[in-house]
**Student:** 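Please see the structure below; I have some questions.
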Amino acid sequence: RQKTRSLELSSGRISTCYFQLFFSLLLWKIKVTLIQGDISNPEDVKPAVKGAHVVIHTASLVDVWGRVPLEKIMAVNVQGTKNIIEACVTQGAQYLVYTSSMEVVGPNIKGHPFYRGNENMTYEAIHHHPYPLSKAKAEQLVLEANGQLMPNGKRLVTCALRPTGIYGENHLLMKEFYEKGLMTKKYMIRAIPASVEHGRVYVGNVAWMHLLVSQKIQEDPSTIGGQVYFCYDDSPYKSYEDFNMEFLSPCGFRLLGSRPLLPFFLLHLIALLNAILQWLLKPFCVYAPILNPYTLVIASTTFTVKTDKALKHFGYKSCFTWEESRNRTIKWLQEVAAEKQMEK
């Protein structure tokens with residue numbers, strides 16, 4: 001039985017799926033002790049890292065809608081990562097595994113497709129949005145820290161995992177889709193062509209990959225150190241809408257249209273108007289709709305990856321099958337539906 005510690009952020013909201021990652025760790029009977037603190041404050045980070053052998057850094061502010069100020073995203077995602085690295089060095093924690101993101105790579109703002117790509121595939125990654133920009137900077141810091149000499153004479157060993165779109169229990173965005181669908185009597189309109197494919201990964205398999213690489217980085221640091229790995233499983237490649245319907249359909253939802261019912265130029269216009277409204281209303285309130293120019297590019301661009309490198313380097317295979325992942329997510333969503341019924 002292993003023990004691990006988690007630094008709970010007071011500086012902002014962490015992605016619910018990253019919390020779920022820790023909950024998934026409990027499936028393997030790993031004892032977790034929570035230490036409350038602010039990751040952007042180095043004095044809070046040091047006690048969490050002290051005495052640790054391996055650090056799994058999953059803390060992140062995930063925001064592609066403009067709900068969180070740029071300064072806070074950078075403070076948590078970039079400065080927080082700097083603090084983790086410095087704490088590992090000063091406290092003698094030799095191994096650091098960082099939860100990065102596929103958005104470090106793309107889709108880029110030009111909408112270039114990325115089809116069954118691996119970590120070495122050439123792709124023009126262009127970052128302007130705060131979230132992918134912060135994750136790219138943080139990942140670079142982690143990889144550049146690999147091999148850094150520590151006061152105890154050892155060298156820091158680092159690597160980064162890049163999950164595709166994470167889904168699973170307690171996924172806030174999926175819950176938001178469910179609640180918005182209730183307003184339209186469980187009817188949803190197709191906006192993106194079904195031919196657009198995305199790779200999605202179940203949170204339990206993300207947790208499993210973290211555990212596997214955390215073991216291998218200690219056994220074979222020369223292979224794992226300084227490497228990045230895409231994190232994906234056996235979930236089917238589908239558009240975001242079609243994939244979400246895998247969970248919403250059993251709850252009585254219907255997706256209207258085999259083809260997009262709205263022309264793309266109209267979607268683009270709505271996204272642009274949302275961005276203008278967000279800028280105009282910023283001094284008065286937070287206006288952050290799901291559709292904006294960035295999320296439209298993400299949703300309408302094919303982006304699928306392979307995990308052959310993770311299989312080769314540390315034997316990664318899915319711990320949860322697609323059927324198990326789907327059923328677990330549906331069960332959670334049905335519990336959400338039952339709670340909504342009780343509230344009426």
Side-chain angles (χ1 to χ4, degrees), residues 6-24 38-40 56-84 97-109 125 127-142 160-180 198-207 209-210 228 230-232 240 243-244 278 286-299 301 303 305 329:
S6 165
L7 179 64
E8 184 179 276
L9 295 188
S10 62
S11 60
R13 179 174 59 85
I14 310 178
S15 166
T16 302
C17 270
Y18 287 158
F19 273 129
Q20 184 65 21
L21 188 153
F22 276 112
F23 299 154
S24 299
D38 182 348
I39 196 172
S40 63
I56 302 176
H57 171 24
T58 68
S60 178
L61 274 173
V62 181
D63 176 48
V64 294
W65 309 282
R67 298 171 181 175
V68 181
L70 168 64
E71 296 75 17
K72 182 171 282 190
I73 291 177
M74 291 299 175
V76 172
N77 295 358
V78 181
Q79 184 59 48
T81 299
K82 287 182 181 179
N83 294 341
I84 291 287
V97 177
Y98 174 58
T99 309
S100 186
S101 169
M102 73 164 189
E103 291 184 50
V104 166
V105 180
N108 63 30
I109 58 174
H127 305 297
H128 294 310
H129 196 279
Y131 175 67
L133 181 63
S134 70
K135 294 298 286 187
K137 287 183 176 180
E139 182 186 274
Q140 184 179 7
L141 289 171
V142 169
L161 304 187
R162 294 172 176 169
T164 57
I166 303 175
Y167 70 93
E169 300 92 324
N170 298 313
H171 188 196
L172 286 179
L173 188 56
M174 181 67 72
K175 187 176 180 180
E176 189 172 339
F177 283 140
Y178 176 86
E179 292 172 345
K180 287 184 179 297
H198 289 273
R200 305 284 292 277
V201 60
Y202 178 61
V203 66
N205 288 323
V206 180
M209 181 180 273
H210 279 74
V228 294
F230 282 132
C231 182
Y232 171 69
Y240 275 109
F243 191 85
N244 290 342
Q278 185 177 59
V286 176
Y287 176 69
I290 290 177
L291 182 63
N292 61 46
Y294 179 75
T295 57
L296 180 59
V297 170
I298 293 289
T301 303
F303 197 94
V305 304
T329 307

**Student:** On a heavy-atom basis, which atom in Thr301 and which in His198 lie closest, and how many Å separate them?
**Tutor:**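 That closest heavy-atom pairing would be O-CE1, 2.9 Å.
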
**Student:** So, for Gly168 and Val203, which heavy atoms are closest and what is the spacing to 0.1 Å?
**Tutor:**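 Nearest heavy atoms, Gly168 then Val203: CA-CG1, 4.3 Å.
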
**Student:** Which pair of heavy atoms, one from Ala75 and one from Ser40, lies closest together, and at what distance?
**Tutor:**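 What the structure gives for the nearest pair is O-CB, 3.5 Å.
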
**Student:** State, with a plain yes or no, whether a side-chain heavy atom of Phe230 is found less than 4.5 Å away from one of Thr164.
**Tutor:**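 The answer is no, as the side chains (C-beta and beyond) never meet within the 4.5 Å cut-off.
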
**Student:** Heavy atoms, side chains only, cut-off 4.5 Å: are Val228 and Glu139 in contact?
**Tutor:**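 They are in side-chain contact.
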
**Student:** Partners of Tyr294 by side-chain contact (heavy atoms from CB on, under 4.5 Å), sequence neighbours excluded?
**Tutor:**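 Once residues adjacent in sequence are excluded, the partners of Tyr294 under the side-chain contact (heavy atoms from CB on, under 4.5 Å) criterion are Val64, Glu103, His129, Pro132, Asn292, Ile298.
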
**Student:** Pair Val305, Arg162 - check side chain to side chain contact (heavy atoms under 4.5 Å, CB included), show working.
**Tutor:** CA-CA 10 Å; Val305 304; Arg162 294 172 176 169; over 6 Å; no

**Student:** Only counting residues at least two apart or in another chain, list the ones meeting side-chain contact (heavy atoms from CB on, under 4.5 Å) with Ala299.
**Tutor:**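 Ile192, Tyr240.
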
**Student:** Identify the two heavy atoms, one from Gly106 and one from Phe303, that lie closest to each other, and give their separation to 0.1 Å.
**Tutor:**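 Nearest heavy atoms, Gly106 then Phe303: C-CE1, 3.5 Å.
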
**Student:** Could you list the residues that satisfy side-chain hydrogen bond (donor to acceptor under 3.5 Å, both in side chains) with Gln278, not counting sequence neighbours?
**Tutor:**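 Expected list: none.
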
**Student:** Once you round to the nearest 0.5 Å, how far does CG of Leu296 lie from CG of Leu291?
**Tutor:**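 The CG atom of Leu291 is 5.5 Å from CG of Leu296, to the nearest 0.5 Å.
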
**Student:** What heavy-atom pair brings Ser100 and Ala160 nearest, and what distance separates the two atoms?
**Tutor:**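 Looking at all heavy atoms of both residues, the shortest contact is CB-CB, 4.3 Å.
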
**Student:** Once rounded to the nearest 0.5 Å, what's the spacing between atom CG of Leu161 and atom CE of Met209?
**Tutor:**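 Reported to 0.5 Å precision, the distance equals 6.0 Å.
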
**Student:** Applying side-chain contact (heavy atoms from CB on, under 4.5 Å), name anything that partners Glu176, two or more places apart in sequence or on another chain.
**Tutor:**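 So Glu176 forms a side-chain contact (heavy atoms from CB on, under 4.5 Å) with Arg67, Leu173, Lys180, Ile290.
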
**Student:** Using the test side-chain hydrogen bond (donor to acceptor under 3.5 Å, both in side chains), find all partners of Tyr98 that sit at least two apart in sequence or belong to another chain.
**Tutor:**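 By the side-chain hydrogen bond (donor to acceptor under 3.5 Å, both in side chains) rule, Tyr98 matches Lys135.
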
**Student:** When rounded to the nearest 0.5 angstrom, what is the spacing between NZ in Lys82 and NZ in Lys137?
**Tutor:**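 Going from NZ on Lys82 over to NZ on Lys137, the span is 8.5 Å.
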
**Student:** His57: what forms a side-chain hydrogen bond (donor to acceptor under 3.5 Å, both in side chains) with it, not counting sequence neighbours?
**Tutor:**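 Only Thr81 meet the side-chain hydrogen bond (donor to acceptor under 3.5 Å, both in side chains) criterion with His57.
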
**Student:** If you compare all heavy atoms of Tyr232 against all heavy atoms of Gly199, which two are closest, and at what distance to 0.1 Å?
**Tutor:**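 Minimum heavy-atom separation between Tyr232 and Gly199: CE1-CA, 3.8 Å.
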
**Student:** Roughly how far apart are Asn108 CG and His127 NE2, rounded to 0.5 Å?
**Tutor:**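 Answer rounded to 0.5 Å: 9.0 Å.
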
**Student:** Given side chain to side chain contact (heavy atoms under 4.5 Å, CB included), test Ile39 with Ile84 step by step and report yes or no.
**Tutor:** CA-CA 8 Å; Ile39 196 172; Ile84 291 287; 4.1 Å; yes

**Student:** Rounded to the nearest 0.5 Å, how far does CD1 of Ile166 lie from CE of Met174?
**Tutor:**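 Here the interatomic distance stands at 12.5 Å.
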
**Student:** Suppose we screen for salt bridge (charged side-chain N to carboxylate O under 4.0 Å, His left out). Which residues come up paired with Arg200, at least two apart in sequence or across chains?
**Tutor:**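 Testing Arg200 for salt bridge (charged side-chain N to carboxylate O under 4.0 Å, His left out), a comparison that skips the adjacent residues, returns none.
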
**Student:** Under the side-chain contact (heavy atoms from CB on, under 4.5 Å) test, which residues partner Ile73, sequence neighbours left out?
**Tutor:**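 Listed in chain order: Asp63, Val68, Asn77, Pro130, Ser134.
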
